[in-house]
Amino acid sequence: MTYNFDHPAARRHTGSYKWDIFKDDDIIPLWVADMDFETAPCIAEAVRKRAGHSIYGYTLIGQSYYDAIINWFSRRHNWHIEKDWIIYTTGVVPAISATIKALTLPGEKVLVQTPVYNCFFSSIRNQGCQIEENELVRKGDSYVIDFEDFERRCADEKVTVFLLCNPHNPTGRMWTHEELERMNDICLRHGVKIISDEIHCELAMPGETFSPMAAISDACRDNCVTLNSPSKSFNTAGLQIANIICCNPEIRRRIDRVINIYELCDVNPFGPVALEAAYNNGEEWLDSLNNYISGNYELLKTSFAKDLPEATVIKMEATYLAWIDISRLGITSEEACRKLLKDGKVYVNSGTMYGRKAGEGYIRINLACPHSTLKKGIDRITSTLKMRK
């Protein structure tokens, strides 16, 4: 089946957070991780069918929900999950906060690899914990882990949890089997539990393979809690459904207790049916989406190489979020973003959102939009930043 990702969906004045926070209708939003593509037809049909029932009361999660998750991850990622391991909730960010609360005491440290998704910082602080940073190391047009520094920080007795971003947002790294196993080995040596945020796991560029942390080995499975959702890959974030997957019954009990204390245990009627449709019938659409995003990434690289060669596009192995080094332009990340919004009428994220030090000199651009929208945005970015020189 052919899917039309070139179709420009009309999102202005629809209550879209991405598009409607601006009063100026000329602004192109290439920021928050929200795609400008209609979701897979199978999902839209499932939601329409459920909406047609016209009663939207409390939702019971049935066996078909668990079967969809178990079969998807077994088929697509060779990860074998048991029903009892799954706790459903409203979103991955609430799941991060709840899991940190369950695994830490106030004052303890949570290790992250910066630059990293900005909500990691607020989730950690909101649970009364401290942030410990293992800064990723730039190598050519990609990033690697400083394992010596990683182990030194894990050895700190106050570090009790490592919050992993797999795949990594914003650098676009798809962590390898070997890297994941080595991180877990170090964590095990120092009694550090792993929370693995795998919300972008389905957004793999051609030739790249995603490895769930829990599928690497029994040791990895037993030492980590996995958080995932179809929300990013199928553009269903507003339907608010996510899963916490943990094989350890005691840790799972503690997480479930937090989920219930903070009333994160009830989901709406549409999230579960959307998840089932995505995982049962959405694979072809998803593969087509990833190919389209790969084309957008190539467009970005070609355009920047031609029109703004001082900027470096970091290799994107996963996600739809391009990480751009603008340090040679002689302007800070926040200055660049302000200028792009004011003069270029395009909104992107400042790298400093993802770590004040590790993100300085970078911007993040959302590529999940029609080619025509991205082309217009790229033209505005390159012409606006070139005007500085």
Side-chain angles (χ1 to χ4, degrees), residues 89 91-138 143-171 173 175 179-199 213-214 216 219-227 244-246 248 250-259 261-262 264 351-360:
T89 187
V92 165
V93 172
I96 291 170
S97 295
T99 307
I100 291 173
K101 183 73 172 178
L103 296 181
T104 64
L105 295 172
E108 291 182 340
K109 295 180 179 180
V110 176
L111 179 63
V112 297
Q113 294 173 313
T114 51
V116 76
Y117 177 45
N118 52 294
C119 285
F120 278 19
F121 302 117
S122 55
S123 287
I124 294 167
R125 293 190 184 104
N126 288 344
Q127 309 317 311
C129 293
Q130 301 176 52
I131 298 163
E132 185 76 10
E133 296 185 36
N134 167 232
E135 191 171 327
L136 297 174
V137 177
R138 173 78 176 276
Y143 282 83
V144 296
I145 299 166
D146 181 344
F147 278 104
E148 183 177 340
D149 180 72
F150 184 84
E151 178 141 25
R152 181 174 63 82
R153 294 181 187 279
C154 284
D156 182 343
E157 64 180 12
K158 292 190 72 175
V159 172
T160 55
V161 165
F162 166 42
L163 181 52
L164 169 66
C165 197
N166 178 37
H168 193 270
N169 169 20
T171 70
R173 271 303 315 275
W175 301 121
E179 288 169 321
L180 293 168
E181 188 167 44
R182 188 174 177 185
M183 285 188 278
N184 186 65
D185 288 345
I186 292 170
C187 287
L188 282 174
R189 279 199 292 274
H190 301 287
V192 175
K193 291 292 183 185
I194 298 174
I195 303 171
S196 187
D197 172 2
E198 300 185 356
I199 196 170
M213 170 60 90
I216 297 296
C220 291
R221 178 198 64 199
D222 295 345
N223 194 48
C224 84
V225 177
T226 301
L227 317 177
I244 302 168
I245 303 173
C246 174
N248 184 303
E250 174 55 24
I251 291 176
R252 198 167 60 244
R253 183 194 66 79
R254 289 161 60 184
I255 295 170
D256 190 55
R257 179 64 178 151
V258 175
I259 290 288
I261 287 172
Y262 290 98
L264 299 172
T352 53
M353 287 181 63
Y354 313 101
R356 298 300 303 181
K357 178 173 177 284
E360 180 55 74

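Computed from a predicted structure; not experimentally measured.
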S.K.: Decide, yes or no, whether a salt bridge links R152 with D149 under the criterion of side-chain N to carboxylate O below 4.0 Å.
M.R.: yes
S.K.: For residues 94-108, pull every pair meeting side chain to side chain donor-acceptor pair (under 3.5 Å), keeping only residues two or more places apart or in separate chains.
M.R.: S97-S123, E108-T160
S.K.: What pairs with E132 under salt bridge (Lys or Arg N to Asp or Glu O under 4.0 Å), at least two apart in sequence or on another chain?
M.R.: K109, R153
S.K.: Does F150 have any ring-ring contact (aromatic ring centres under 6.0 Å, His included) partners at least two apart in sequence or in another chain, and if so, which?
M.R.: F162
S.K.: Taking salt bridge (Lys or Arg N to Asp or Glu O under 4.0 Å) as the definition, give me every residue that meets it alongside R356, ordered by chain and number, with sequence neighbours left out.
M.R.: E334
S.K.: Looking at E250 and R253, is any side-chain nitrogen of the basic one under 4.0 Å from a carboxylate oxygen of the acidic one?
M.R.: yes
S.K.: If the condition is side-chain hydrogen bond (donor to acceptor under 3.5 Å, both in side chains), which residues does Q130 pass it with, not counting sequence neighbours?
M.R.: none
S.K.: Quick one: which of D185, N248, N184 gives a side chain to side chain donor-acceptor pair (under 3.5 Å) with N223?
M.R.: N184
S.K.: Side chains of I251 and V225: does their closest heavy-atom pair fall under 4.5 Å?
M.R.: yes
S.K.: Charged N to carboxylate O under 4.0 angstrom, E133 versus K357?
M.R.: no
S.K.: Which residues pass the side-chain hydrogen bond (donor to acceptor under 3.5 Å, both in side chains) test with R138, sequence neighbours left out?
M.R.: D325, Y362
S.K.: Would you please say whether a donor-acceptor pair under 3.5 Å links the side chains of H190 and E157?
M.R.: no
S.K.: Taking the side chain as every heavy atom from C-beta outward, state whether M183 and Q113 have any atom pair closer than 4.5 Å.
M.R.: yes
S.K.: For N134, which of V116, I145, T114 qualifies under side-chain contact (heavy atoms from CB on, under 4.5 Å)?
M.R.: I145
